[in-house]
Q: 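Quick one: the structure is below, questions incoming.
We use all heavy atoms of the structure for the numbers below, so side chains are in, but hydrogens, waters and symmetry mates are not. Computed from a predicted model, the values in this text were never measured in an experiment. A note on names: the letters A, B, ... follow the listed sequences, proteins ahead of strands, and every chain is numbered from 1.
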Amino acid sequence: MTTAAARITFSDWGWRYAERDAWAVRGVDLTVEPGERVAIVGPSGAGKSTLLRAVAGVLPDEPDPHDDTAAAVQGTVLVDGAEPRAVRGRVGLVMQDPEAHTVMSRVGDDVAFGCENAGVPRDEIWPRVRSALDVVGLDLALDRSTTMLSGGQRQRLALAGVLAMRPGALVLDEPCANLDPSGVVQVHDAVRALLDETGCSLLVVEHRIGTWLDLVDRLVLLEPAGGVVADGAPAEVLAAHGPALTAAGVWVPGSEPARGSARRGTRTPARTGEMHGVERGGPGAFRPFVELVAESGAEHLAGSESGGVLLEARGLGTARGKRQRVGTGIDLDVRTGRVLAVTGPNGIGKSTLGLTLAGLLRPADGALRATPALADGTGDVPAAWTSRQLAARIGTVFQDPEHQFVARTVREELAVGPRALGAEDVDERVDELLAAFGLAHLADANPFTLSGGEQRRLAIGTVIASRPPVVVLDEPTSGQDRATWQAVVDRLGELADTGTAIVAVTHDQDLVRALDADEVVLGAAGARPVLRDPATGVRR
Amino acid sequence: MTAPGTSVGLPGRSVPPGGADGTTRARGVRGVQPVASLLGVLALGVCLVLSLDVVSAAVALVLEVLLLPLLRIPPRTLLLRTSPVLVAVPLTALSIALYGRPSGRSWFDLGFAHVTDGSLELALATALRVLAVGLPAVALFVRVDPTDLADGLAQLLRLPARFVLGALAAIRMTTLLGDDWRQLGMARRARGVADTGRLRRGASMAFALLVLALRRATTLAVAMESRGFGAPGRRTWARTARFAGPEWAMVGVLVGIGVVSIAVAVGAGTWRV
C-alpha cells in the first residue's frame, strides 16, 4: 500500500479534561518521524492514553479558554503539520478493550466501516477488506459474526479495520492488556505484518513492554506532569532507567518475579543448587514425576502437603446458562493455604469453572462437594447455599470489579459483607482493610469513580472483609501495571499464608510463579495438572 | 460456498459485489431487503384498520397462514416469537367482549360489563385483526439481520447515517447487557446480600448496569470516531441495498392481502368504516 507514513509532533503539549483541576498530561515535546516506531511507558496517570487519543483526534470536548471548567489545551500536537481532528483516518487507533470496539456484527462489515466513513468507493472497499484481513492473518468468512471471536481475533479485526483505511500512523493503547498469551502473539505478529505492509509510523503504549521491544526503534518514558524524562534506543533506556521504569509500573523484561516471591512460610523461593521439595517433606517430592502423572492427576498436586481439602470436584462438568455446556470431566481439590491457578486457552471455560467452584453456577455434571471443614453444618452443595451461607464460606472477585460494587462509598462497600454476616467488629475490619489496601484517602469516594487498579484492590478487600476460607478470583491481574500487580499479588500471598484457599483463574504466568501456585491447565477433556521440577520450578 | 463470480449480489441483500467472499447468502424470501417488508406490513396494517368487520380480517389471516410456509420458519421458533401476540389476542378480545359498545341480543349484564351480540362480534373482529397484522410483522422480522435493515433505512429511505449506525451499534451492545445483568446478580449472591431485599437489589443492579452501559458506549463512540465516523464529506456504503423485483413483490403480496380482504368484505356486504 502506498500511503506515506505520518510525522507526529508534540510541542510543549498538555491536556486537561473538562471539570478536572489537574492536567492529565503536560509539557510533552516529542517528534515521531515518518516510519519511526516508538513505545511510550510511564506510571498510571502519566497521561499516556490521553496522548494517543490526541494523536487520533478523539479527545472529548473542545477546549474553551474562556470557561474554567471546560477542557484546556496547551502547546500543539500535529499530524503531518495538521490538526489531528482534521486528518482523522490518517491515524489508526486500537484500544485495550476488545469487546468495546467492534462496531459491526459481521467481520467484513466491521473492516469496511472505516472505509465507508472515509468515502472510499464501494468497488474499492472489498478488495481492501480482503487484503487487510489477509495481512493480519484472520482467515474468516466476511459474513462471520463478530460476537464469538476471541480477544486476539477481535484485536486483529480492529487492526484490519485500521489497515483498510491505509493509515499513515498506527496508535496502540495497551492492545494486549486483556489477552491470553496466544492472543498477545497473534496481535504482535499482526502488527508486525501491518508495519511491514505499510511502513507507517507506530506509537504504542503497554505495561508489558517486552511484547513490543523487537518492533520499536525508541522507548520514551513519560512522567506525570513531567513530560518526557527519557527517550532513546530501547536497550539504552532500559539499561539507564531500569529501576525508574519498574517504579513507574513498567514490566521491564528480565525483572519478572521469582517463584514463590509473594509467599512466606512453608514454601520458600527455590535457590539454585537446593532441592526445593526436601524441607517440605512429604512423599510426593521424592517420587519420580512419571509415577505422579500416571497415578491420579490433580489430587497429587496438593498431595504432599498439610492443606486440608475444602472443596472437591469430581468429574465436574460446567455450563453457562441452561444449555451451553463448557467443561467436562474436571477433577481437582481446593486446599487451605494453597493457591490453585486455573489456566488454559481462551473460551475453554476457565471463568465458568471459577464461577462453578464459587457456588454461583450449578454443576452441569459430576459433583462439586464442600467437605465438612468448609460446609460447617450446612449442606455439602455450594450452589444450594443461601447467599449469606455462601459469602461466609467462599468469596468471589469478578473479572470486572464494577460488577460487584453495591454501595455508595468505599467504606460502605467494605462493610457490606461483614454486616450481612452479622459480624460485630465491622468498623474495625473496615478501618484495617482501608489502611492495608491503601484506600484510606478514598474512604468516602464512590467505588465507580476509582481508577482500575484501585477498583481491583477494593474488590479484593470487600471479599477479604467477610473472611471466607475460600477465595475465587477471575483474572485478578489482567491489564495491570507492575505496581498494582505487585499490590494484588502480595495481598493474595498473605491470604494464602494465613490459611485461605485461593483459586485464581488466570493466564498470567508471573502470578502463578510469584504465588508458587499449583497450576491446572483446563482443556476439552478436563483439568490437567502442571508438574514442576521441585528444584527449579520449571514446567515439565 | 459459491465459486467466485457466481453469486452476483442478490437483490436487496447486503452483499459485497462480486460474491468472492466465499460465503453463501440467503435466497428467496429471506433475501428480501427488510425495508420492503417494513413498508409492506405498514401498508397491510392501514388496509386492515379501515374497517372493523370479521370478514376482512379473517380473509387476510387465512391468506397469511396459506403463505406462511414460504418463509420456512420452524414452528417452534414461530410459536416462541409470536407468543406476545398470542397472549395479547385473547386479552384484547375479552376486554372488548365485556366493555365493547353494546348492541343486539344481550347475553348477560353485570352493570360494569355488558356482553352483547355486538360486543362479541367486535371482539372477534379485533382479535382476528391483531393476529392478521401481528403475524406477518413477527414472521417477516424473525430472521432479519439488523445490519440489512440499517442499510435499507439509510440507503433507501435516506434516514441519517449517524442515527441509523448509532442505533445499530446500540442493538449490538444490548446482547452484552444480558451478560452484565447475570454477572451483577451472581456478584450479589457472592457478597451475601441476595437473600432479601429483591427490590433494592434490583435498583442497585440497574444503576450498575447503567454505569457499565455508558462506559461501553463511550469507548465505542471513541472507536467509531477514530475510524472517521461522523467526519464531514460523503459516506459511501460497502453493501448495496437494492429495491428491485423481489422487494416490489414483497410489497405487492402484502398490499394484495389487504386489498383482497377489503374486496371480499365489500362483496359480502360486511364492510363498514
Side-chain angles (χ1 to χ4, degrees), chain A residues 53 56-58 88-89 92-93 95 97 99-101 103-106 108-109 112-123 125-126 129-130 141-143 147 158 161-162 165 355 358 360-361 386-388 390-392 394-396 398 400 402-406 416-417 420-421 448 462 466, chain B residues 14-18 20-25 145-147 161 165 168-169 171-173 175-176 180 182-184 186-196 201 204-205 207-208 211-212 215-231 233-240:
Chain A
R53 289 183 179 207
V58 291
R88 252 184 218 160
L93 171 71
M95 295 175 294
D97 185 358
E99 192 71 64
H101 63 250
V103 181
M104 304 290 282
S105 56
R106 294 190 292 234
D109 300 350
F113 179 73
C115 297
E116 295 177 311
N117 293 327
V120 176
R122 181 179 293 156
D123 295 342
I125 291 180
W126 293 105
V129 169
R130 289 190 195 97
L142 293 186
D143 67 347
T147 49
V162 162
M165 297 180 74
L355 292 170
L360 297 170
L361 292 176
T386 66
S387 175
R388 274 194 204 92
L390 179 67
I394 306 177
T396 311
F398 286 74
D400 183 350
E402 290 189 342
H403 279 135
Q404 69 188 91
F405 294 148
V406 295
V416 165
L421 301 180
F448 281 100
T462 59
S466 306
Chain B
S14 313
V15 191
D21 57 330
T23 60
T24 44
R25 287 283 182 179
D145 184 327
T147 311
L165 290 171
L168 184 62
I171 291 175
R172 212 184 59 73
M173 304 223 93
T175 52
L176 297 177
D180 275 335
R182 276 186 290 280
Q183 292 275 335
L184 289 168
M186 283 194 277
R188 271 136 192 85
R189 170 165 156 75
R191 299 206 53 195
V193 294
D195 290 332
T196 52
R201 192 167 73 250
S204 107
M205 283 165 68
F207 173 75
V211 172
L212 292 167
R215 206 149 285 183
R216 268 218 196 92
T218 312
T219 316
L220 183 67
V222 169
M224 290 171 78
E225 242 181 60
S226 78
R227 280 158 76 184
F229 184 61
R234 218 181 132 68
R235 190 180 197 280
T236 50
W237 295 88
R239 301 161 301 274
T240 44

Q: Given 3.5 Å as the limit, does a donor-acceptor pair link the side chain of A:Q404 with the main chain of B:A187, or not?
A: no

Q: Rounded to the nearest 0.5 Å, what separates atom NE2 in A:H403 from atom CG in B:L212?
A: 5.0 Å

Q: Heavy-atom cut-off 4.5 Å, strictly under: side chain, backbone, both or neither for B:I171 against chain A?
A: neither

Q: Would you give the length of the straight line joining atom CZ of A:R88 to atom CD of B:E225, rounded to the nearest 0.5 angstrom?
A: 4.0 Å

Q: With chain B as the partner, which of A:L361, A:T147, A:V416, A:I394 has the greatest number of non-hydrogen pairs under 4.5 Å?
A: A:V416

Q: Over all heavy atoms of both residues, which pair between A:S105 and B:T147 is shortest? Give the atoms and the distance, please.
A: OG-OG1, 3.1 Å

Q: So, for B:T236 and A:V120, which heavy atoms are closest and what is the spacing to 0.1 Å?
A: OG1-O, 2.6 Å

Q: Heavy-atom distances under 4.5 Å only: say whether B:R172 touches chain A with side chain, backbone, both or neither.
A: side chain

Q: Can B:T196 and A:R388 be said to form a side chain to side chain contact (heavy atoms under 4.5 Å, CB included), step by step?
A: CA-CA 10 Å; B:T196 52; A:R388 274 194 204 92; 4.0 Å; yes

Q: Output the distance between atom CG (A:D109) and atom CG (B:D145), rounded to the nearest 0.5 Å.
A: 8.0 Å

Q: Relative to chain A, which segment of B:V211 carries a heavy atom at a distance below 4.5 Å: side chain, backbone, both, or neither?
A: side chain

Q: To the closest 0.5 Å, what do you measure between CG (A:L360) and CZ (B:R189)?
A: 6.0 Å

Q: Which pair of heavy atoms, one from B:R188 and one from A:S387, lies closest together, and at what distance?
A: O-OG, 3.7 Å

Q: May I ask you to test the A:E116-B:R239 pair for a side-chain heavy-atom distance under 4.5 Å?
A: yes

Q: Relative to chain B, which segment of A:L93 carries a heavy atom at a distance below 4.5 Å: side chain, backbone, both, or neither?
A: both

Q: Can you tell if the side chain of B:M186 reaches within under 4.5 Å of the side chain of A:T396, non-hydrogen atoms only?
A: no

Q: Need one label for B:R201: side chain, backbone, both or neither, based on atoms under 4.5 Å from any heavy atom in chain A.
A: neither

Q: Of all of B:R215, B:R235, B:R182, B:M173, which one pairs up most often with chain A through heavy atoms under 4.5 Å apart?
A: B:R235

Q: Check step by step if side chain to side chain contact (heavy atoms under 4.5 Å, CB included) holds for B:R191 and A:V406.
A: CA-CA 9 Å; B:R191 299 206 53 195; A:V406 295; 3.7 Å; yes

Q: Work out which heavy atom in A:F398 is nearest to a heavy atom in B:A190; give both atom names and the distance.
A: CE1-CB, 4.3 Å

Q: Does any non-hydrogen side-chain atom of B:F229 lie less than 4.5 Å from one of A:V103?
A: no

Q: With rounding to the nearest 0.5 angstrom, report the CH2 to CZ distance, B:W237 to A:R122.
A: 10.0 Å

Q: Select one option (side chain, backbone, both, neither) describing which atoms of B:L168 are under 4.5 Å from chain A's heavy atoms.
A: side chain

Q: Nearest 0.5 Å, please: how far is CE in A:M95 from OG1 in B:T219?
A: 6.0 Å

